[in-house]
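What follows is a single structure, written as structure tokens, with notes after it.
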Amino acid sequence: MTFSLSAIIINYNSGNMLCNCIESLSTSPLPVEIIVIDNASVDESLKQIEGLSAVTLVRNAVNTGFASACNQGAALATTDYLLFLNPDCCFERGALAELLAALKAEDKAGMAGGLLINPDGSEQGGARRAVPTPWRSFVRAFGLNYFDKRWPKLFFDFYLHKQPLPESPTEVEAISGACMLVKRKAVADVGLWDEGYFLHCEDLDWCMRFRQKGWRILFVPSARVIHAQGACSRSRPIFVEWHKHKGMMRFYLKFFRHQYPGILMWLVALGVWFRFGLIAAYRSFKNVERRLGFGSET
């Protein structure tokens with residue numbers, strides 16, 4: 001069989017969602033090569049797919065991180081189009097074909113992402129966004145984007161989902177690593193995922209590097225993907241937040257260290273780790289509260 005694209009799914013304790021994700025790919029009219037890289041899951045998520053001959057399954061003995069697992073999958077893929085996908089994503093009918101067609105239509109388009117929606121049909125924030133520079137992140141963290149209508153250039157919110165949905169594929173600065181279709185020739189030019197990230201911000205890093213090499217990034221609104229955001233990370237929230245904030249710092253230092261004064265980067269670092277401390281304290285408090293039976297975590 002000649003495959004149209006290779007779907008690389010990075011799994012970690014996703015439960016039944018992994019099977020649902022694979023089913024949404026299997027029902028696509030496109031022939032899809034399915035590769036699952038499992039990062040040492042301890043749940044039952046792999047049992048339902050172990051006997052599927054259409055799936056190439058790789059079991060890692062330890063959790064190597066998202067970027068590393070993506071690179072593993074890319075090395076096994078045999079097609080010219082690589083789809084990196086979270087197991088908590090499911091394509092609506094025809095969405096995968098829309099995504100592939102949009103990427104093929106433009107020679108300089110190197111990456112494309114679909115419209116990520118919540119189970120209730122509302123749009124999620126990360127599917128189309130501007131690059132979260134340190135200043136933009138500061139604006140969002142302190143709610144200053146409230147002033148974006150009066151001073152849009154100064155208080156711009158990097159999430160674009162509150163803007164009207166475009167009618168056709170549109171170039172954006174960044175899309176989400178939850179659903180990211182790329183051309184192999186673009187990857188050969190840009191390089192693989194940066195394995196210095198363990199979890200979070202590696203997708204922003206790749207988007208930055210694609211654009212630095214002149215590759216366009218497309219947001220395809222007709223490619224609708226249901227995304228149960230955060231479903232695979234709820235069991236270890238503080239672990240996830242630690243790596244998210246660590247990834248933020250790596251991203252800022254890698255791309256913006258020479259654009260901002262040193263004192264400002266120190267303030268950015270202070271803000272990042274202060275934010276982590278607040279989140280960790282809140283999560284710990286809610287966990288203790290839940291264990292003592294005073295309430296339930298929200």
Between [Y] and [X], is there a side-chain heavy-atom distance shorter than 4.5 Å?
X      : Y      : result
Phe198 : Lys246 : no
Tyr81  : Lys183 : yes
Phe91  : Val32  : no
Leu204 : Val131 : no
Phe219 : Leu165 : yes
Leu83  : Leu25  : yes
Cys70  : Ile10  : yes
Ser4   : Leu96  : no

So, taking the atom named [atom1] in [X] and the one named [atom2] in [Y], what distance separates them when rounded to the nearest 0.5 Å?
X      : Y      : atom1 : atom2 : result
Asn11  : Asn86  : CG    : CG    : 10.0 Å
Leu181 : Leu82  : CG    : CG    : 8.0 Å
Leu218 : Ser168 : CG    : OG    : 10.0 Å
Met180 : Leu99  : CE    : CG    : 11.0 Å
Ser24  : Arg93  : OG    : CZ    : 11.0 Å
Leu52  : Ser26  : CG    : OG    : 7.5 Å

Do [X] and [Y] belong together in a cluster built from hydrophobic side chains that touch within less than 4.5 Å?
X      : Y      : value
Val220 : Ile175 : no
Leu57  : Ile22  : yes
Phe66  : Val190 : yes
Ile34  : Leu46  : yes
Met111 : Ile9   : no

Glu171, CD atom: more than 12 neighbouring heavy atoms under 6.0 Å: yes
Glu167 atom CD, neighbour heavy-atom count above 12 within 6.0 Å: no
Nearest atoms (heavy-atom pairs only) where [X] meets [Y]:
X      : Y      : answer
Cys201 : Met248 : SG-N, 3.5 Å
Cys89  : Ala178 : SG-O, 3.6 Å
Thr133 : Tyr252 : C-CE2, 4.2 Å
Ile8   : Ala77  : CD1-CB, 4.4 Å
Pro119 : Ile226 : CA-CG2, 4.2 Å
Ala95  : Arg224 : CB-O, 3.3 Å

Residue pair Asn63, Tyr12: steps toward the side chain to side chain donor-acceptor pair (under 3.5 Å) verdict: CA-CA 8 Å; Asn63 190 342; Tyr12 179 73; 4.8 Å; no
No-hydrogen, no-angle side-chain donor-acceptor test under 3.5 Å, Glu33 and Thr79: no
Within the distance-only criterion (no hydrogens, no angle test), does the side chain of [X] pair as donor or acceptor with the backbone N or O of [Y] below 3.5 angstrom?
X      : Y      : value
Asn60  : Ala40  : no
Gln124 : His227 : yes
Glu23  : Cys21  : no

Verdict with reasoning, Asp205 to Phe255, per side-chain contact (heavy atoms from CB on, under 4.5 Å): CA-CA 8 Å; Asp205 181 290; Phe255 294 103; 3.4 Å; yes
side-chain contact (heavy atoms from CB on, under 4.5 Å) evaluation trace for Arg129 with Val172: CA-CA 7 Å; Arg129 49 185 165 166; Val172 293; over 6 Å; no
Side chain to side chain donor-acceptor pair (under 3.5 Å) evaluation trace for Asn13 with Ser45: CA-CA 6 Å; Asn13 293 339; Ser45 55; 5.3 Å; no
Answer yes when [X] and [Y] have at least one side-chain N-carboxylate O distance shorter than 4.0 Å, and no when they do not.
X      : Y      : value
Lys47  : Glu50  : no
Arg209 : Asp194 : no
Asp107 : Lys185 : yes

Test side-chain contact (heavy atoms from CB on, under 4.5 Å) applied to Trp193 and Asp203, step by step: CA-CA 8 Å; Trp193 295 75; Asp203 52 353; 4.3 Å; yes
Leu199/Lys244 under side-chain contact (heavy atoms from CB on, under 4.5 Å): CA gap, chis, key distance, verdict: CA-CA 6 Å; Leu199 186 66; Lys244 179 187 293 186; over 6 Å; no
Plane angle bin for Trp206 and Phe210 - parallel if under 30°, tilted between 30 and 60°, otherwise perpendicular: perpendicular
